[in-house]
Amino acid sequence: MVSKLSTRLLNICIASYCKVRQLDRAESIICDAIRLGVLPNTVTYNTLIDGYSRLVSFEAAYSLLHRMSEASINPTVITYNSLIAGATRNCLVLKSLELFDEMLQRGIAPDIWSFNTLMHCFFKVGKPEEAYQVFRDIIHHDLSPCPATFNIMINGLCKNGYMSNALMLFRSLQRHGFVPQLITYNILINELCKAGRLKAASRMLKELAASGYVPNCITYTTIMKCCFRSRRFEQGLEIWQEMCDKGYTFDGFAYCTIAGALIKCGRINEATCYMDQMRRNGIEHDLASYNTLIHMYCKEGKLEAAYELLDEIEGVGLECDEYTHTILIDGLCKIGNIEGAQRHIKHMNVMGFSSPSVALNCVVDGLGKAGKIDHALQMFESMETRDSFTYSSLVHNLCNARRYRCASKLLLSCLNNGMKILRSAQRAVINGLGHSGFHKEARQLKLKIRLARMVHC
DNA sequence: CTAGGGTTAG
(Lines give C-alpha, C1' and ligand atoms only; values in the text may rest on other atoms or scores of the structure.)
Protein backbone atom coordinates (compact mmCIF):
# COMPACT_ATOMS: atom_id res chain seq x y z
CA MET A 1 0.00 0.00 0.00
CA VAL A 2 2.75 2.41 1.01
CA SER A 3 4.81 1.69 -2.08
CA LYS A 4 1.74 2.03 -4.31
CA LEU A 5 1.05 5.40 -2.81
CA SER A 6 4.70 6.33 -3.17
CA THR A 7 4.76 5.36 -6.82
CA ARG A 8 1.73 7.60 -7.34
CA LEU A 9 3.56 10.42 -5.62
CA LEU A 10 6.63 9.71 -7.72
CA ASN A 11 4.52 9.93 -10.85
CA ILE A 12 3.01 13.23 -9.77
CA CYS A 13 6.54 14.57 -9.19
CA ILE A 14 7.71 13.36 -12.60
CA ALA A 15 4.72 14.98 -14.29
CA SER A 16 5.39 18.27 -12.49
CA TYR A 17 9.05 18.33 -13.44
CA CYS A 18 8.22 17.52 -17.06
CA LYS A 19 5.79 20.40 -17.04
CA VAL A 20 8.48 22.87 -15.97
CA ARG A 21 11.00 21.39 -18.42
CA GLN A 22 13.27 19.87 -15.76
CA LEU A 23 13.87 16.39 -17.08
CA ASP A 24 17.17 16.09 -15.22
CA ARG A 25 15.32 16.64 -11.95
CA ALA A 26 12.74 14.07 -12.98
CA GLU A 27 15.49 11.55 -13.67
CA SER A 28 17.26 12.14 -10.37
CA ILE A 29 13.98 11.76 -8.47
CA ILE A 30 13.53 8.38 -10.13
CA CYS A 31 17.04 7.35 -8.98
CA ASP A 32 16.27 8.47 -5.44
CA ALA A 33 12.96 6.63 -5.48
CA ILE A 34 14.57 3.39 -6.62
CA ARG A 35 17.16 3.69 -3.83
CA LEU A 36 14.29 4.02 -1.37
CA GLY A 37 12.65 0.95 -2.82
CA VAL A 38 9.91 2.76 -4.72
CA LEU A 39 9.79 1.35 -8.22
CA PRO A 40 8.66 3.29 -11.26
CA ASN A 41 5.75 1.76 -13.13
CA THR A 42 4.23 2.07 -16.60
CA VAL A 43 2.71 5.44 -15.78
CA THR A 44 6.12 6.78 -14.72
CA TYR A 45 7.63 5.79 -18.04
CA ASN A 46 4.65 6.96 -20.06
CA THR A 47 4.96 10.38 -18.43
CA LEU A 48 8.68 10.46 -19.14
CA ILE A 49 8.14 9.43 -22.75
CA ASP A 50 5.73 12.30 -23.18
CA GLY A 51 8.22 14.67 -21.53
CA TYR A 52 11.17 13.55 -23.64
CA SER A 53 9.22 13.74 -26.85
CA ARG A 54 8.04 17.27 -26.06
CA LEU A 55 11.28 18.62 -24.62
CA VAL A 56 14.11 16.66 -26.21
CA SER A 57 13.37 14.61 -29.28
CA PHE A 58 11.32 11.78 -30.57
CA GLU A 59 14.41 9.54 -30.57
CA ALA A 60 15.06 10.26 -26.91
CA ALA A 61 11.47 9.32 -26.11
CA TYR A 62 11.66 6.18 -28.18
CA SER A 63 14.83 5.02 -26.44
CA LEU A 64 12.85 4.88 -23.21
CA LEU A 65 11.17 1.75 -24.55
CA HIS A 66 14.50 -0.05 -24.02
CA ARG A 67 14.81 1.28 -20.51
CA MET A 68 11.31 0.00 -19.83
CA SER A 69 12.11 -3.51 -21.01
CA GLU A 70 15.32 -3.50 -18.94
CA ALA A 71 13.17 -2.67 -15.94
CA SER A 72 10.75 -5.46 -17.01
CA ILE A 73 7.89 -3.05 -17.44
CA ASN A 74 5.58 -3.72 -20.34
CA PRO A 75 4.49 -0.88 -22.56
CA THR A 76 0.76 -0.34 -22.87
CA VAL A 77 -1.42 1.21 -25.49
CA ILE A 78 -0.86 4.55 -23.73
CA THR A 79 2.91 4.18 -24.12
CA TYR A 80 2.48 3.71 -27.84
CA ASN A 81 -0.09 6.47 -28.11
CA SER A 82 2.39 8.87 -26.48
CA LEU A 83 5.09 7.82 -28.91
CA ILE A 84 2.77 8.18 -31.90
CA ALA A 85 1.79 11.62 -30.61
CA GLY A 86 5.49 12.48 -30.35
CA ALA A 87 6.14 11.33 -33.90
CA THR A 88 3.12 13.35 -35.02
CA ARG A 89 4.41 16.46 -33.29
CA ASN A 90 7.59 16.09 -35.36
CA CYS A 91 5.68 15.30 -38.57
CA LEU A 92 7.26 11.82 -38.72
CA VAL A 93 4.44 10.07 -40.48
CA LEU A 94 6.48 6.95 -41.30
CA LYS A 95 7.49 6.59 -37.65
CA SER A 96 3.85 6.84 -36.62
CA LEU A 97 2.95 4.02 -38.96
CA GLU A 98 5.92 1.93 -37.81
CA LEU A 99 4.89 2.40 -34.19
CA PHE A 100 1.37 1.41 -35.04
CA ASP A 101 2.67 -1.84 -36.59
CA GLU A 102 5.05 -2.45 -33.72
CA MET A 103 2.17 -2.10 -31.30
CA LEU A 104 0.10 -4.63 -33.23
CA GLN A 105 3.04 -7.06 -33.42
CA ARG A 106 3.44 -6.87 -29.66
CA GLY A 107 -0.18 -7.83 -29.28
CA ILE A 108 -1.22 -4.46 -27.91
CA ALA A 109 -4.61 -3.49 -29.23
CA PRO A 110 -4.79 0.09 -30.51
CA ASP A 111 -7.59 2.16 -29.04
CA ILE A 112 -9.54 5.03 -30.51
CA TRP A 113 -6.74 7.43 -29.52
CA SER A 114 -4.18 5.49 -31.50
CA PHE A 115 -6.35 5.95 -34.55
CA ASN A 116 -7.16 9.57 -33.73
CA THR A 117 -3.49 10.43 -33.43
CA LEU A 118 -2.55 8.62 -36.62
CA MET A 119 -5.33 10.45 -38.45
CA HIS A 120 -4.10 13.73 -37.03
CA CYS A 121 -0.58 12.86 -38.20
CA PHE A 122 -1.73 12.36 -41.79
CA PHE A 123 -3.65 15.64 -41.76
CA LYS A 124 -0.66 17.42 -40.30
CA VAL A 125 1.69 16.34 -43.07
CA GLY A 126 -0.86 17.23 -45.74
CA LYS A 127 -2.20 13.77 -46.58
CA PRO A 128 -5.97 14.12 -46.22
CA GLU A 129 -6.78 10.98 -48.27
CA GLU A 130 -4.73 8.81 -45.96
CA ALA A 131 -6.29 10.50 -42.95
CA TYR A 132 -9.72 9.71 -44.32
CA GLN A 133 -8.66 6.08 -44.77
CA VAL A 134 -7.84 5.99 -41.05
CA PHE A 135 -11.29 7.38 -40.36
CA ARG A 136 -12.79 4.52 -42.39
CA ASP A 137 -10.61 2.06 -40.45
CA ILE A 138 -12.09 3.39 -37.23
CA ILE A 139 -15.56 2.54 -38.48
CA HIS A 140 -14.34 -0.80 -39.91
CA HIS A 141 -12.69 -1.83 -36.63
CA ASP A 142 -15.92 -1.01 -34.83
CA LEU A 143 -14.12 1.43 -32.59
CA SER A 144 -16.65 3.98 -31.57
CA PRO A 145 -15.36 7.37 -32.65
CA CYS A 146 -15.24 9.89 -29.84
CA PRO A 147 -15.94 13.63 -30.16
CA ALA A 148 -12.19 14.22 -30.61
CA THR A 149 -12.28 11.99 -33.69
CA PHE A 150 -14.71 14.39 -35.32
CA ASN A 151 -12.82 17.44 -34.09
CA ILE A 152 -9.59 16.14 -35.61
CA MET A 153 -11.46 15.36 -38.82
CA ILE A 154 -13.06 18.82 -39.02
CA ASN A 155 -9.83 20.60 -38.15
CA GLY A 156 -7.78 18.46 -40.52
CA LEU A 157 -10.14 19.04 -43.43
CA CYS A 158 -9.97 22.81 -42.84
CA LYS A 159 -6.20 22.86 -42.54
CA ASN A 160 -5.89 20.95 -45.81
CA GLY A 161 -8.08 23.36 -47.73
CA TYR A 162 -11.38 21.51 -47.47
CA MET A 163 -13.31 23.97 -45.34
CA SER A 164 -16.61 23.48 -47.15
CA ASN A 165 -16.34 19.71 -46.66
CA ALA A 166 -15.58 20.33 -43.00
CA LEU A 167 -18.67 22.49 -42.66
CA MET A 168 -20.79 19.90 -44.44
CA LEU A 169 -19.43 17.17 -42.18
CA PHE A 170 -20.17 19.35 -39.16
CA ARG A 171 -23.79 19.88 -40.18
CA SER A 172 -24.33 16.29 -41.16
CA LEU A 173 -22.87 15.06 -37.86
CA GLN A 174 -25.22 17.41 -36.03
CA ARG A 175 -28.19 15.94 -37.93
CA HIS A 176 -27.04 12.50 -36.77
CA GLY A 177 -27.04 13.57 -33.15
CA PHE A 178 -23.45 14.72 -32.68
CA VAL A 179 -23.33 17.43 -30.06
CA PRO A 180 -20.47 19.78 -30.97
CA GLN A 181 -18.03 20.54 -28.19
CA LEU A 182 -16.71 23.99 -27.38
CA ILE A 183 -13.50 22.99 -29.11
CA THR A 184 -15.46 22.12 -32.27
CA TYR A 185 -16.87 25.63 -32.35
CA ASN A 186 -13.46 27.13 -31.65
CA ILE A 187 -11.97 25.23 -34.59
CA LEU A 188 -14.66 26.44 -36.96
CA ILE A 189 -14.64 30.02 -35.70
CA ASN A 190 -10.89 30.19 -36.16
CA GLU A 191 -11.04 28.79 -39.68
CA LEU A 192 -13.90 31.06 -40.72
CA CYS A 193 -12.04 34.09 -39.35
CA LYS A 194 -8.87 33.13 -41.20
CA ALA A 195 -10.85 32.74 -44.42
CA GLY A 196 -12.25 36.25 -43.91
CA ARG A 197 -15.79 34.91 -43.51
CA LEU A 198 -16.52 37.10 -40.53
CA LYS A 199 -20.31 36.92 -40.83
CA ALA A 200 -20.25 33.13 -40.76
CA ALA A 201 -17.79 33.22 -37.86
CA SER A 202 -20.10 35.50 -35.95
CA ARG A 203 -23.06 33.16 -36.61
CA MET A 204 -20.98 30.24 -35.33
CA LEU A 205 -20.17 32.24 -32.20
CA LYS A 206 -23.90 32.84 -31.63
CA GLU A 207 -24.54 29.13 -32.09
CA LEU A 208 -21.83 28.39 -29.53
CA ALA A 209 -23.61 30.56 -26.99
CA ALA A 210 -27.05 29.23 -27.94
CA SER A 211 -25.78 25.70 -27.24
CA GLY A 212 -25.15 26.74 -23.65
CA TYR A 213 -21.38 27.11 -23.90
CA VAL A 214 -19.45 30.02 -22.49
CA PRO A 215 -16.59 31.22 -24.71
CA ASN A 216 -13.28 30.28 -23.16
CA CYS A 217 -9.87 31.93 -23.29
CA ILE A 218 -9.17 30.28 -26.64
CA THR A 219 -12.41 31.55 -28.16
CA TYR A 220 -11.54 35.07 -27.05
CA THR A 221 -7.96 34.82 -28.29
CA THR A 222 -9.23 33.60 -31.65
CA ILE A 223 -11.63 36.51 -32.04
CA MET A 224 -9.07 39.00 -30.81
CA LYS A 225 -6.61 37.72 -33.38
CA CYS A 226 -9.29 38.06 -36.04
CA CYS A 227 -9.77 41.74 -35.14
CA PHE A 228 -6.04 42.40 -35.31
CA ARG A 229 -5.79 40.57 -38.62
CA SER A 230 -8.38 42.90 -40.12
CA ARG A 231 -6.60 45.89 -38.59
CA ARG A 232 -9.36 46.65 -36.08
CA PHE A 233 -6.91 47.17 -33.25
CA GLU A 234 -9.18 49.08 -30.93
CA GLN A 235 -11.87 46.43 -31.22
CA GLY A 236 -9.27 43.78 -30.46
CA LEU A 237 -8.17 45.68 -27.36
CA GLU A 238 -11.80 46.00 -26.29
CA ILE A 239 -12.11 42.22 -26.43
CA TRP A 240 -9.02 42.00 -24.24
CA GLN A 241 -10.66 44.40 -21.80
CA GLU A 242 -13.81 42.30 -21.82
CA MET A 243 -11.71 39.24 -20.95
CA CYS A 244 -10.15 41.17 -18.09
CA ASP A 245 -13.52 42.34 -16.80
CA LYS A 246 -14.93 38.85 -16.89
CA GLY A 247 -12.00 37.54 -14.88
CA TYR A 248 -10.46 35.23 -17.45
CA THR A 249 -6.92 34.13 -16.81
CA PHE A 250 -4.62 34.79 -19.71
CA ASP A 251 -2.18 32.27 -20.97
CA GLY A 252 0.92 32.71 -23.09
CA PHE A 253 -1.10 32.47 -26.31
CA ALA A 254 -3.31 35.39 -25.35
CA TYR A 255 -0.38 37.56 -24.27
CA CYS A 256 1.56 36.82 -27.45
CA THR A 257 -1.46 37.52 -29.64
CA ILE A 258 -1.98 40.95 -28.19
CA ALA A 259 1.72 41.81 -27.96
CA GLY A 260 2.33 40.62 -31.51
CA ALA A 261 -0.43 42.85 -32.83
CA LEU A 262 0.87 45.87 -30.92
CA ILE A 263 4.42 45.28 -32.15
CA LYS A 264 3.18 45.17 -35.74
CA CYS A 265 1.64 48.61 -35.47
CA GLY A 266 4.61 50.07 -33.62
CA ARG A 267 3.00 50.34 -30.18
CA ILE A 268 6.07 48.89 -28.49
CA ASN A 269 5.49 50.37 -25.05
CA GLU A 270 2.13 48.72 -24.71
CA ALA A 271 3.51 45.46 -26.09
CA THR A 272 6.29 45.57 -23.49
CA CYS A 273 3.70 46.06 -20.75
CA TYR A 274 1.84 42.92 -21.77
CA MET A 275 4.99 40.82 -22.08
CA ASP A 276 6.09 42.03 -18.62
CA GLN A 277 2.65 41.22 -17.24
CA MET A 278 2.97 37.75 -18.71
CA ARG A 279 6.21 37.17 -16.82
CA ARG A 280 4.78 38.63 -13.61
CA ASN A 281 1.87 36.22 -13.84
CA GLY A 282 4.35 33.38 -13.73
CA ILE A 283 3.93 32.18 -17.29
CA GLU A 284 7.10 30.50 -18.52
CA HIS A 285 8.39 31.65 -21.86
CA ASP A 286 8.31 29.11 -24.63
CA LEU A 287 9.88 29.49 -28.05
CA ALA A 288 6.96 31.40 -29.55
CA SER A 289 6.89 33.94 -26.73
CA TYR A 290 10.68 34.32 -26.95
CA ASN A 291 10.24 34.98 -30.66
CA THR A 292 7.66 37.64 -29.84
CA LEU A 293 10.15 39.26 -27.45
CA ILE A 294 12.90 39.16 -30.06
CA HIS A 295 10.55 40.71 -32.59
CA MET A 296 9.80 43.45 -30.06
CA TYR A 297 13.48 44.26 -29.55
CA CYS A 298 14.18 44.17 -33.29
CA LYS A 299 11.32 46.56 -33.97
CA GLU A 300 12.97 48.99 -31.53
CA GLY A 301 16.32 48.45 -33.23
CA LYS A 302 17.74 46.87 -30.07
CA LEU A 303 19.57 44.09 -31.85
CA GLU A 304 22.01 43.46 -28.98
CA ALA A 305 19.12 42.81 -26.62
CA ALA A 306 17.63 40.48 -29.21
CA TYR A 307 20.86 38.52 -29.51
CA GLU A 308 21.11 38.28 -25.74
CA LEU A 309 17.74 36.56 -25.74
CA LEU A 310 19.18 34.00 -28.15
CA ASP A 311 21.58 32.93 -25.42
CA GLU A 312 18.77 32.85 -22.89
CA ILE A 313 16.73 30.59 -25.18
CA GLU A 314 19.56 28.11 -25.42
CA GLY A 315 20.21 28.48 -21.70
CA VAL A 316 16.76 27.14 -20.84
CA GLY A 317 17.20 24.23 -23.21
CA LEU A 318 15.05 25.48 -26.08
CA GLU A 319 16.20 25.48 -29.67
CA CYS A 320 15.87 28.49 -31.97
CA ASP A 321 13.77 27.75 -35.03
CA GLU A 322 13.14 29.27 -38.43
CA TYR A 323 10.97 32.01 -36.91
CA THR A 324 13.72 33.09 -34.52
CA HIS A 325 16.30 33.41 -37.25
CA THR A 326 13.94 35.05 -39.72
CA ILE A 327 12.90 37.67 -37.17
CA LEU A 328 16.57 38.47 -36.51
CA ILE A 329 17.42 38.60 -40.21
CA ASP A 330 14.55 40.98 -40.81
CA GLY A 331 15.68 43.04 -37.83
CA LEU A 332 19.18 43.31 -39.29
CA CYS A 333 17.76 44.36 -42.68
CA LYS A 334 15.54 46.97 -41.06
CA ILE A 335 18.51 48.68 -39.41
CA GLY A 336 20.38 48.55 -42.71
CA ASN A 337 22.83 45.80 -41.80
CA ILE A 338 22.35 43.79 -44.98
CA GLU A 339 25.75 42.12 -44.77
CA GLY A 340 24.93 40.90 -41.30
CA ALA A 341 21.61 39.58 -42.57
CA GLN A 342 23.30 37.72 -45.41
CA ARG A 343 25.80 36.22 -42.99
CA HIS A 344 22.93 35.06 -40.84
CA ILE A 345 21.27 33.44 -43.88
CA LYS A 346 24.47 31.46 -44.51
CA HIS A 347 24.41 30.53 -40.85
CA MET A 348 20.85 29.23 -41.31
CA ASN A 349 21.92 27.12 -44.28
CA VAL A 350 24.78 25.65 -42.28
CA MET A 351 22.33 24.77 -39.53
CA GLY A 352 20.25 22.85 -42.02
CA PHE A 353 17.31 25.18 -42.64
CA SER A 354 16.83 24.17 -46.25
CA SER A 355 15.17 27.09 -48.00
CA PRO A 356 14.56 29.97 -45.62
CA SER A 357 12.28 31.72 -48.11
CA VAL A 358 10.80 34.30 -45.74
CA ALA A 359 14.29 35.33 -44.61
CA LEU A 360 15.38 35.60 -48.25
CA ASN A 361 12.39 37.83 -48.94
CA CYS A 362 13.50 40.06 -46.08
CA VAL A 363 16.96 40.41 -47.58
CA VAL A 364 15.60 41.11 -51.08
CA ASP A 365 13.47 43.85 -49.56
CA GLY A 366 16.37 45.12 -47.48
CA LEU A 367 18.63 45.35 -50.52
CA GLY A 368 15.94 47.22 -52.46
CA LYS A 369 15.38 49.68 -49.63
CA ALA A 370 19.14 50.23 -49.31
CA GLY A 371 19.17 51.30 -52.94
CA LYS A 372 20.97 48.15 -54.09
CA ILE A 373 18.22 47.26 -56.53
CA ASP A 374 20.44 45.38 -59.00
CA HIS A 375 21.77 43.31 -56.18
CA ALA A 376 18.17 42.60 -55.16
CA LEU A 377 17.31 41.53 -58.72
CA GLN A 378 20.32 39.23 -58.79
CA MET A 379 19.21 37.60 -55.60
CA PHE A 380 15.66 37.31 -56.95
CA GLU A 381 17.01 35.41 -59.98
CA SER A 382 18.85 32.97 -57.77
CA MET A 383 15.87 32.17 -55.54
CA GLU A 384 14.25 28.75 -55.75
CA THR A 385 10.82 29.87 -54.63
CA ARG A 386 9.34 33.31 -55.11
CA ASP A 387 6.03 34.23 -53.62
CA SER A 388 3.77 37.23 -53.62
CA PHE A 389 5.92 38.88 -50.94
CA THR A 390 9.02 38.60 -53.12
CA TYR A 391 7.25 40.18 -56.06
CA SER A 392 5.36 42.86 -54.14
CA SER A 393 8.47 44.06 -52.37
CA LEU A 394 10.67 44.04 -55.45
CA VAL A 395 8.06 45.78 -57.61
CA HIS A 396 7.67 48.51 -54.99
CA ASN A 397 11.40 49.00 -54.71
CA LEU A 398 11.81 49.08 -58.51
CA CYS A 399 9.18 51.81 -58.63
CA ASN A 400 11.04 53.77 -55.96
CA ALA A 401 14.11 53.51 -58.20
CA ARG A 402 11.93 54.69 -61.15
CA ARG A 403 12.57 51.43 -63.02
CA TYR A 404 8.94 51.11 -64.06
CA ARG A 405 9.43 48.95 -67.14
CA CYS A 406 11.34 46.32 -65.19
CA ALA A 407 8.69 46.54 -62.48
CA SER A 408 5.95 46.07 -65.05
CA LYS A 409 7.62 42.93 -66.42
CA LEU A 410 7.93 41.41 -62.94
CA LEU A 411 4.37 42.35 -62.05
CA LEU A 412 3.03 40.51 -65.07
CA SER A 413 5.17 37.43 -64.58
CA CYS A 414 3.88 37.27 -61.02
CA LEU A 415 0.24 37.43 -62.09
CA ASN A 416 0.81 35.02 -64.98
CA ASN A 417 2.25 32.52 -62.52
CA GLY A 418 -1.08 32.68 -60.73
CA MET A 419 0.21 34.58 -57.70
CA LYS A 420 -1.36 37.56 -56.05
CA ILE A 421 0.50 40.83 -55.74
CA LEU A 422 -0.32 43.83 -53.55
CA ARG A 423 -2.74 46.27 -55.11
CA SER A 424 -0.49 49.09 -53.98
CA ALA A 425 2.38 47.58 -56.00
CA GLN A 426 0.17 47.43 -59.08
CA ARG A 427 -0.92 51.05 -58.63
CA ALA A 428 2.70 52.12 -58.14
CA VAL A 429 3.72 50.69 -61.52
CA ILE A 430 0.72 52.04 -63.45
CA ASN A 431 1.02 55.50 -61.91
CA GLY A 432 4.77 55.49 -62.31
CA LEU A 433 4.55 54.67 -66.01
CA GLY A 434 1.88 57.35 -66.50
CA HIS A 435 3.74 60.05 -64.63
CA SER A 436 6.92 59.40 -66.59
CA GLY A 437 5.04 59.90 -69.84
CA PHE A 438 4.62 56.25 -70.80
CA HIS A 439 0.85 56.54 -71.10
CA LYS A 440 0.54 53.84 -73.71
CA GLU A 441 2.52 51.36 -71.62
CA ALA A 442 0.39 52.20 -68.61
CA ARG A 443 -2.82 51.47 -70.52
CA GLN A 444 -1.41 48.24 -71.93
CA LEU A 445 -0.34 47.13 -68.49
CA LYS A 446 -3.82 47.72 -67.09
CA LEU A 447 -5.26 45.58 -69.85
CA LYS A 448 -2.73 42.80 -69.33
CA ILE A 449 -3.40 42.82 -65.59
CA ARG A 450 -7.10 42.41 -66.25
CA LEU A 451 -6.43 39.53 -68.65
CA ALA A 452 -4.11 37.79 -66.20
CA ARG A 453 -6.78 38.11 -63.51
CA MET A 454 -9.40 36.59 -65.79
CA VAL A 455 -7.16 33.61 -66.56
CA HIS A 456 -6.22 33.02 -62.92
CA CYS A 457 -9.45 33.95 -61.14
C1' DC B 1 -3.56 12.77 -26.89
C1' DT B 2 -8.10 17.20 -30.88
C1' DA B 3 -8.87 24.06 -30.95
C1' DG B 4 -6.03 29.67 -30.19
C1' DG B 5 -0.02 32.64 -30.03
C1' DG B 6 5.65 33.86 -32.90
C1' DT B 7 8.65 35.85 -39.33
C1' DT B 8 8.54 39.16 -44.73
C1' DA B 9 5.95 43.28 -49.02
C1' DG B 10 2.20 48.18 -48.01
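Every chain is numbered from 1, with letters handed out A, B, ... down the list of sequences. Quick note: numbers below take in every heavy atom, side chains included, and nothing from hydrogens, waters or symmetry partners.
- In terms of the ring-ring contact (aromatic ring centres under 6.0 Å, His included) criterion, residue partners of A/F380 (sequence neighbours excluded) are, by chain and number, A/Y391.
- With respect to A/R136 and A/E129, no salt bridge is recorded, no charged nitrogen being found less than 4.0 Å from a carboxylate O.
- Paired with A/W240 under the rule ring-ring contact (aromatic ring centres under 6.0 Å, His included), one option of A/Y274, A/Y248, A/Y220 passes, and it is A/Y274.
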Show which side-chain atoms of residues 340-353 of chain A pair as donor or acceptor with protein atoms under 3.5 Å away, not counting sequence neighbours.
unit_1	atom_1	unit_2	atom_2	d
A/H344	ND1	A/Y307	OH	3.1
A/H344	NE2	A/H325	ND1	2.9

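- Using a 4.0 Å cutoff on non-hydrogen atoms, the parts of residues 383-397 of chain A near DNA chain B are A/S388, A/F389, A/S392, A/S393, A/H396, ordered by number.
- Among B/dT2, B/dG10, B/dT8, the nucleotide with an atom closest to any side-chain atom of A/W113 is B/dT2.
- Considering only side-chain atoms of A/N151, the nucleotide from B/dT2, B/dA9, B/dG4 that sits closest is B/dT2.
- Contacts of A/E314 classified as side chain to side chain contact (heavy atoms under 4.5 Å, CB included), with partners at least two apart in sequence or in another chain: A/C320.
- Shown for residues 181-198 of chain A: residues whose heavy atoms fall under 4.0 angstrom of DNA chain B, namely A/I183, A/N186, A/I187, A/N190.
- Every pair tested for salt bridge (Lys or Arg N to Asp or Glu O under 4.0 Å) that includes a residue from residues 407-418 of chain A fails, sequence neighbours excluded, so the list is empty.
- Distance from the side chain of A/C256 is smallest for B/dG5 among the nucleotides B/dG10, B/dA3, B/dG5.
- Judged as a salt bridge (charged side-chain N to carboxylate O under 4.0 Å, His left out), and not counting sequence neighbours, the contacts of A/D330 are A/K334.
- Evaluation of atom-type donor-acceptor distances gives a pair under 3.5 Å for the side chain of A/D286 against the base of B/dG5.
- Sorted by residue number, the list of members of residues 302-310 of chain A with any non-hydrogen atom under 4.0 Å from DNA chain B is empty.
- For A/T117, whose side chain is taken as the heavy atoms from C-beta onward, the closest listed nucleotide among B/dC1, B/dA9, B/dT7 is B/dC1.
- Side-chain N/O atoms of A/K264 include one lying less than 4.0 angstrom from OP1 or OP2 on B/dT7.
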Side chains of residues 145-156 of chain A: which donor-acceptor partners sit under 3.5 Å, not counting sequence neighbours?
unit_1	atom_1	unit_2	atom_2	d
A/T149	OG1	A/N116	OD1	2.9
A/T149	OG1	A/C146	N	2.9
A/T149	OG1	A/C146	O	3.1
A/N151	OD1	A/T184	OG1	2.7
A/N151	ND2	A/Q181	OE1	2.7
A/N155	OD1	A/K159	NZ	2.7

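- Atom CG in A/L143 sits roughly 15 Å away from atom C1' in B/dC1 (whole-Å rounding).
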For residues 252-273 of chain A, tabulate all N or O donor-acceptor pairs below 3.5 Å that involve a side-chain atom, not counting sequence neighbours.
unit_1	atom_1	unit_2	atom_2	d
A/Y255	OH	A/Q277	NE2	3.3
A/Y255	OH	A/N281	ND2	2.7
A/T257	OG1	A/F253	O	2.7
A/R267	NE	A/E270	OE1	2.9
A/R267	NE	A/E270	OE2	3.4
A/R267	NH1	A/E234	OE2	3.1
A/R267	NH2	A/E270	OE2	2.9
A/T272	OG1	A/I268	O	2.7

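- Of the side-chain N and O atoms in A/K369, one or more sit less than 4.0 angstrom from OP1 or OP2 of B/dG10.
- Near DNA chain B, meaning a heavy atom under 4.0 Å from it, residues 205-226 of chain A has A/N216, A/C217, A/I218, A/T221, A/T222, A/K225 in order of number.
- If you check every strand for non-hydrogen atoms under 4.0 Å, A/I327 touches sugar and phosphate atoms only.
- Checked against B/dG4, B/dT2, B/dG5, the side chain of A/H120 finds its nearest nucleotide in B/dT2.
- Near-neighbour residues of DNA chain B inside residues 238-248 of chain A, defined by a heavy atom below 4.0 Å, are absent.
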